[in-house]
Amino acid sequence: MSAPAPVVTERLAPDAAGLARATALLRAGGLVAFATETVYGLGADATNEQAVARIFAAKGRPHFNPLICHYPDEQAAWADVEPGELGRALAAAFWPGPLTMVLPRRAASRVALLAGAGLDTLAVRVPDHGIARALAAGLGRPIAAPSANRSGAVSPTEAAHVLAGLDGRIDAIIESGPCRVGVESTVLDLAAGHPALLRPGGVSVEAIEALVGPVGRGVSLAAAEAARSLRSPGLMVSHYAPRLPVRLNATLVAPNEALLAFGPPLEGAGLTWQLSENGNVSEAAARLFSGLRALDARGLAAGLVGIAVMAVPQEGLGLAINDRLQRAAAPRPAGQAHLSDLEAQG
Ligand code: AMP
Ligand code: MG
């Protein structure tokens, strides 16, 4: 994939002037990174095919991986997709919030085909973040926005993470604080008739099931790869890859390893990042990507050889955390480590 022409990335304040500038850039087909409650997104006007193409170029993202469209409110979303009864009920319960629904695309939708990777469905969401919703409302069109990182790298939960990977490749960033939830949205497929979990995320499956009953899930990552690559091409196994190798379910740690701790930390690590001292999975989710980035950077600088990760319970946001950790630990396809290296230099 050819590299985009270098640009000067404007750093905007999260105020009226910053929003006005960001809206103008989006209207002109530019790329603007902004915070949501989950992670920082890299936004473009979803109805502008060229702007959407620039997202893929800036991230180095494969074109078969569709983007999520962000809306200021559910009425705006229903202009592009058919929610059905289930979609409306889920929106009423969880929007604004970290739930993405994959729904049948309306024939009248103006969203660029590239944003949906040519599928007959679209992934839509109303984020629970004032900046993100103000941007979408100001633009008056959906904002296509994947996470604001180079493809395959760890998602950004702070403005500095975005700049580390994308400075000079995007037009602007609205610099607001760290993201509250810290893992991406839950992606729920409603287009197949019965709800199916495509990606665990910021809304727990337990909360969704309390409303709609059992949700299809539980396929192992490895077994899911082939099926998902057709149904939801972005859910590839290796993703979120730091440069240091990641080892899961550690019960012992070596002095030449960095430790991602959950609860009372194992003793003897070369370096430790605590996800949650008292074992709170929501706190751990909010600290996950910062921790992976910090251990990777500091661990490499200190000559450590890997990241050992303590077990995180498979409940609530633990499902999303373990999904990301399994991807971080998965064998990497050729070329992907290289992208992460670029980000680190960036
Ligand atoms: P990201 O934008 O990087 O958080 O990734 C969005 C996720 O949603 C990816 O894993 C996509 O594969 C998935 N996704 C987006 N649109 C669709 C769709 N129409 N059908 C299925 N999955 C989708
Ligand atoms: Mg992403």
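Ligands are counted one by one from 1 in listed order, and the atoms in each one are counted from 1 as well. Residues: numbered from 1 along the sequence shown.
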query = For Arg61, is the nearest heavy atom under 4.0 Å from an atom of ligand 1?
reply =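 So Arg61 counts as touching ligand 1.
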
Open item on the list: Taking N, O or S atoms only and a limit of 2.8 Å, check whether Ser147 reaches the Mg ion (ligand 2).
Closed with: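 A backbone or side-chain N, O or S atom of Ser147 is under 2.8 Å from the Mg ion (ligand 2).
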
If you count the atoms of ligand 1 from 1 in the order shown, which ones are under 4.0 Å from a heavy atom of [X]?
X      : value
Leu198 : 21 (C), 22 (N)
Leu119 : 18 (C), 19 (N), 20 (N)
Pro146 : 2 (O), 3 (O)
Ile68  : 6 (C)
Ala123 : 15 (C), 16 (N), 17 (C)
Asn65  : 9 (C), 11 (C), 12 (O)

Please work out which of the three classes, parallel, tilted or perpendicular, describes the rings of Phe34 and His70, given edges at 30° and 60°.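 The arrangement is perpendicular - the two ring planes meet at more than 60°.
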
Q) Taking Asn322 for the side chain and Val312 for the main chain, is one N or O donor matched with an acceptor at less than 3.5 Å? A)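 Pair found, side chain donor or acceptor close to backbone of Val312.
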
Side-chain donor/acceptor of Arg105 to backbone N/O of Val111, under 3.5 Å: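 Flag set: sc Arg105 to bb Val111 pair under 3.5 Å.
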
Requested in this report: Measure the spacing between OG1 of Thr157 and CZ of Arg293 and express it to the nearest 0.5 Å.
Outcome: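 Reported value, rounded in 0.5 Å steps: 7.5 Å.
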
*asked:* If I take atom CD from residue Glu315 and atom CD1 from residue Ile321, how far apart are they, to the nearest 0.5 angstrom?
replied: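 The CD1 atom of Ile321 is 10.5 Å from CD of Glu315, to the nearest 0.5 Å.
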
Open item on the list: So, regarding Glu184 and ligand 1 (criterion: nitrogen or oxygen to nitrogen or oxygen, under 3.5 Å), is there a contact or not?
Closed with: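 Min N/O separation from ligand 1 is not below 3.5 Å for Glu184.
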
Please determine whether salt bridge (charged side-chain N to carboxylate O under 4.0 Å, His left out) holds for the pair Arg180 and Glu158, giving the CA-CA distance in whole Å, both sets of side-chain angles, and the decisive distance to 0.1 Å.
CA-CA 10 Å; Arg180 178 173 58 80; Glu158 297 174 28; over 6 Å; no

Side-chain atoms of residues 79-92: list all donor-acceptor pairs with protein atoms under 3.5 Å, sequence neighbours left out, distances to 0.1 Å.
| residue | atom | partner | partner atom | Å |
| --- | --- | --- | --- | --- |
| Asp80 | OD1 | Ser109 | OG | 2.9 |
| Asp80 | OD2 | Tyr71 | OH | 2.5 |

Note to self: If you take the nearest heavy atom of each of Val124, Val187, Thr121, Asp189, which one is closest to atom 18 (C) of ligand 1?
What the structure shows: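 Minimum heavy-atom distance to atom 18 (C) of ligand 1 goes to Thr121.
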
- Using a 4.0 Å heavy-atom cut-off, say whether Thr100 meets ligand 1 through its side chain, its backbone, both or neither.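 The answer is neither.
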
What verdict does the salt bridge (charged side-chain N to carboxylate O under 4.0 Å, His left out) test give for Arg54 and Asp45, after you've listed the backbone C-alpha separation in whole Å, the side-chain angles of each residue and the deciding distance to 0.1 Å?
CA-CA 11 Å; Arg54 290 188 63 209; Asp45 174 354; over 6 Å; no

